[in-house]
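Some notes on the structure that comes next.
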Amino acid sequence: MEADKVKEACAVVAMRCKQDVAQYIYYALRALQHRGQEASGIAVYSGGLKVKKGVGLVSDVMGPEDMDKLSGKVGIGHNYYSIKVSRPENIQPQSLKTGIGDIAIAHNGIIVNSQLIIAQLKKEGKLFLLESEEEAFIMRLTDTIRATDDIAKSIKTVCKELIGSYAFALLVNDRVFAIRDPYGIRPLCLGKLPDGKGFIAASESVALDVLGAEFIRDVMPGEAVEITEDGFKSINIGASINRAHCFFEWVYFARADSVIDGMSVYEARKRIGWRLAKEAPAIADVVMPIPDSGRAHAYGYALGSGIKMNEGLMKNRYIHRTFIMPTQDAREISVREKMNPVRAVVEGKRVVIVDDSIVRGTTMKKIVKMLRDAGATEVHVRIGSPPLISPCYLGIDMTNRDQFIADHRSIDDIRKEIGSDSLAYITIEGLVEALNFEKENLCLGCVTGEYPVNIPGERRRFQQTLEGFT
Ligand code: AMP
C-alpha cells in the first residue's frame, strides 16, 4: 500500500427517525469522537441531499444552527481519523448526484483492492473527483442499480467485489443502509430509539447509550441492513467461514463502555490485565494505569497480581490523543503536555505501569523518564497487546513497518530504549484467551504479520476457498 494512503479508522452512524435525525446523529458522533478527531460530517436526505462537514471535532464542525438546516428523517454521519486533510472534499460522508439520484456514504475501514476498481472504472470512462474508494463504490453501485433496478441486490453485487474492511453507512436517496464486511473486521451495531422514535446503526454501542437507544444486535459479518420505518431488513451479502474481528478494537480503539460482538471492552481489557499479571509478574509496590486506555488493563493487572492500584499519572483531559499529531516533535511535546505524574504516589516506590500498546515508543519513553524524575525507584512496564510488528492495512493507523519500536528488536532492546527496569507484553495466546474468541475469528495481522484477506506482498492467515463465501 502507498505510504501516504488515507487511513480510515473512523466512526459511522446511520439513522432513520420519525423526526429530524441530524441532532441524534450529532450526539452519536460525539459519543464516537474517540474514533476520529480530524474531521466530521453529517448527510441527510429530504427530497435532496444536505451535507455539513468540515475539519475538526464534531462540535467544531457543526452547531445548533446547522441542525435546522439539516432537516430530514434519514441520515448518516462520520468521524474521520488520521486523514491527511489535504483536500477537504475527502472528508466524509462523500456524496454524488447520480443518474439514479443522490448517494452518500460514510466508511470505516480500507478497501485493499480499491485501486484496481478505480482503474477499471476509469477504463470504462468514469471521471473521478477524488479517486477515493467511496467514490468508486458509489459509481459501481449506481451502475448496478441502473442495470437491475434493485438496490439490495446491487449492494450485494458491489460488496462481493470488495476486498478489505468496511463498516458502511449508506444513503441511496431516502433509503438508508448499514453494511459490514464478510469478516466483521470493524464493528457495527444496531439499536432502537425509545418511544418508537426510530432506529440507528453505529460503530459502537456507546452511540446508542447516549441516545437512550436499546441495543438490538451487532450487524453480522457479511450483512447489509436496511433501516426501515419498522426496524431492520437484513440482506445477506456473504459471510466468510471465519471472522476476523480486529483485536485492537478491544485493546485500544473502542471506548471501554462499549460492547462489541458480545464482548464488553472494559471486561476484555480487565481480563487482558489479569492474564498479563499471571504471565509477567513483577515485584512492586503499586500498579499504575496509563490513562485512559490503559486503565482497565491496569485494574486487571492489580487484581491478578494482588498489588494495589493507584492513579499515579494524571491526564490533562482537554488534550486529545497525541498519536494523531503529524510530526514526531509535536508528538513528543504533546506527551508531556498530556500527562503528569503524582509525586505523592510515585516517590520512593517500585511501580508497574500498564498500557494498552507501544507503537513507536514515544509515549512510554517519556513516561518512564517522568516517573523516575518523580522519584520512582523502579519502573516495570506491562503491555496489553503483543508487540506490534506489522502494518495494519485494514483500518488502524499503523501502516508503516519502520514506525514500530518492536520491528526486528528483542524485548530487552526495547526495554533499554524505553529505559524501564523490566518490560513484558501479553502473549498472543494470552490475548486470545482473554478476549474469549477463537483465534481463527480474530484479525491479529499487526502482531503476527498474517492477514485475513489477500494483501499484496504479505502473508495470508489461512487460505480460504471461494466456497467459504455463502
Ligand atoms: P507510541 O507513543 O507511538 O508508542 O504510541 C503508543 C500510545 O498511543 C499508546 O499509549 C496507545 O494508547 C496509543 N495508540 C496506540 N495505537 C494507536 C493508534 N493506532 N492511534 C492512536 N493512538 C494509538
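Side chains are part of it too, since the values below use all heavy atoms of this structure and drop only hydrogens, waters and symmetry mates. Atoms within each ligand, like the ligands themselves, are counted from 1 in listed order.
Residue R360 approaches ligand 1 through these ligand atoms, each under 4.0 Å from one of its heavy atoms: 1 (P), 3 (O), 4 (O). Remark: ligand 1 atoms within the under-4.0 Å shell around heavy atoms of D356 are 11 (C), 12 (O). Per-residue contacts place T362 under 4.0 angstrom from the following atoms of ligand 1 (heavy atoms of the residue considered): 1 (P), 2 (O), 4 (O). Taking every non-hydrogen atom of T363 and a distance limit under 4.0 Å, the qualifying atoms of ligand 1 come out as 1 (P), 2 (O), 5 (O), 6 (C), 7 (C). Below 4.0 Å from some heavy atom of I396 lie the following atoms of ligand 1, by number and element: 19 (N). Counting atoms of ligand 1 from 1 in the listed order, those under 4.0 Å from a heavy atom of G361 are 1 (P), 3 (O), 4 (O).
Distance check: E134 CD to L170 CG gives 11.5 Å after rounding to the nearest 0.5 Å.
When non-hydrogen atoms are compared, ligand 1 lies under 4.0 Å from the side chain of Y81 (C-beta onward) but not from its backbone. Contacts between D355 and ligand 1, counted as non-hydrogen atom pairs separated by less than 4.0 Å, involve the side chain only. Contact annotation: for S293 versus ligand 1, heavy atoms closer than 4.0 Å belong to the side chain alone. With a heavy-atom cut-off of 4.0 Å, V359 touches ligand 1 through backbone and side chain alike.
Residues satisfying the ring pair (Phe, Tyr, Trp, His ring centres under 6.0 Å) criterion with F199, sequence neighbours excluded, are F232.
Distances between N or O atoms of F248 and those of ligand 1 include no value under 3.5 Å.
With S205 as the partner, the side chain to side chain contact (heavy atoms under 4.5 Å, CB included) test is satisfied by one option alone out of V210, D218, V259, L190: V259. Paired with D285 under the rule side-chain hydrogen bond (donor to acceptor under 3.5 Å, both in side chains), one option of R350, K308, K349 passes, and it is R350.
Counting only N and O atoms by type, the side chains of S422 and R382 include a donor and acceptor under 3.5 Å apart.
Between Y451 and Y393, the angle of the ring planes goes over 60°, which puts this pair in the perpendicular group of the 30/60° scheme.
A centroid separation of less than 6.0 Å is found between the aromatic rings of F137 and F168.
The closest donor-acceptor contact from the side chain of D356 to the backbone of F248 lies at 3.5 Å or more, if one exists at all.
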